[in-house]
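Values reported hereafter were calculated over all heavy atoms of this structure, with side chains retained and with hydrogens, waters and symmetry mates removed. It should be emphasised that the depicted structure is a prediction, and the values quoted were computed from it without experimental measurement.
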Amino acid sequence: MSDGPLGTYETVKHLHKTMPAFSPYVPVGVLSYLAFILLTATFGLAFYFTTLSKSTIPTREVVVAFIASVLGGYGIVALFCSVGVYV
């Protein structure tokens, strides 16, 4: 029987006990404030997007929509993590 890519059970058990605990880059206490800021910015950009004049080449519209989408995505993840749903 092969040991597999991680080695034997004892090796993995030793690694588990000796590795440092996980620590996030962003402190958990800051996540709710970060979510509020990102989602507020998303709402503001969405409102700005609806007031833009329509042009034949929508470069500014695409840029604003892209930024709002990215901020909204990170804001939702921060919101989920701040309430304990770690995604």
Side-chain angles (χ1 to χ4, degrees):
M1 188 164 139
S2 174
D3 288 338
L6 294 177
T8 63
Y9 175 73
E10 288 77 22
T11 306
V12 174
K13 186 177 175 182
H14 174 70
L15 283 174
H16 179 70
K17 288 187 178 198
T18 58
M19 295 293 290
F22 173 76
S23 63
Y25 293 124
V26 178
V28 177
V30 177
L31 286 174
S32 59
Y33 300 111
L34 182 64
F36 178 75
I37 291 169
L38 291 175
L39 292 174
T40 302
T42 301
F43 177 75
L45 285 174
F47 179 74
Y48 176 69
F49 179 77
T50 60
T51 60
L52 286 174
S53 60
K54 307 302 179 217
S55 61
T56 56
I57 302 175
T59 55
R60 188 170 16 157
E61 295 172 8
V62 171
V63 170
V64 170
F66 177 76
I67 293 172
S69 175
V70 169
L71 290 176
Y74 281 113
I76 291 295
V77 170
L79 180 67
F80 280 168
C81 290
S82 70
V83 297
V85 181
Y86 296 105
V87 292

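Grouping the Ile, Leu, Val, Met, Phe, Trp and Tyr side chains by contacts below 4.5 angstrom, directly or via other members, places Val64 with Phe66. Both Leu79 and Val87 are members of a single hydrophobic cluster when ILVMFWY side chains are connected at heavy-atom separations under 4.5 Å. There is no path of hydrophobic side-chain contacts, each under 4.5 Å, that joins Val85 to Val28. A continuous path of hydrophobic side-chain contacts links Leu34 to Leu45 [ILVMFWY only; heavy atoms under 4.5 Å]. Under the 4.5 Å side-chain heavy-atom criterion for grouping Ile, Leu, Val, Met, Phe, Trp and Tyr, Val63 is connected to Val70 within one hydrophobic cluster.
Separation of atoms CG (Leu71) and OG1 (Thr42) is listed at 4.5 Å; rounding is to 0.5 Å. Atom OH of Tyr33 is separated from atom CG of Leu38 by 15.0 Å, given to the nearest 0.5 angstrom. Remark: Leu31 CG to Phe36 CZ distance equals 15.0 Å, nearest 0.5 Å. Taken to the nearest 0.5 Å, the OH atom of Tyr9 stands 9.0 Å off from the NE2 atom of His16.
Between the side chain of Ser69 and the backbone N or O of Ala65, no donor-acceptor pair lies under 3.5 Å.
For the side chain to side chain contact (heavy atoms under 4.5 Å, CB included) with His14, the lone residue among Val12, Thr11, Thr18 that qualifies is Thr18.
Nearest approach of Glu61 to Phe49, heavy atoms of both residues: O-CE1, 3.3 Å. Taking all atoms of both residues into account, the shortest heavy-atom contact from Ala35 to Gly75 is CB-O, 3.7 Å.
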Audit row: Phe80, Ile76, side chain to side chain contact (heavy atoms under 4.5 Å, CB included) steps and yes/no: CA-CA 6 Å; Phe80 280 168; Ile76 291 295; 4.0 Å; yes
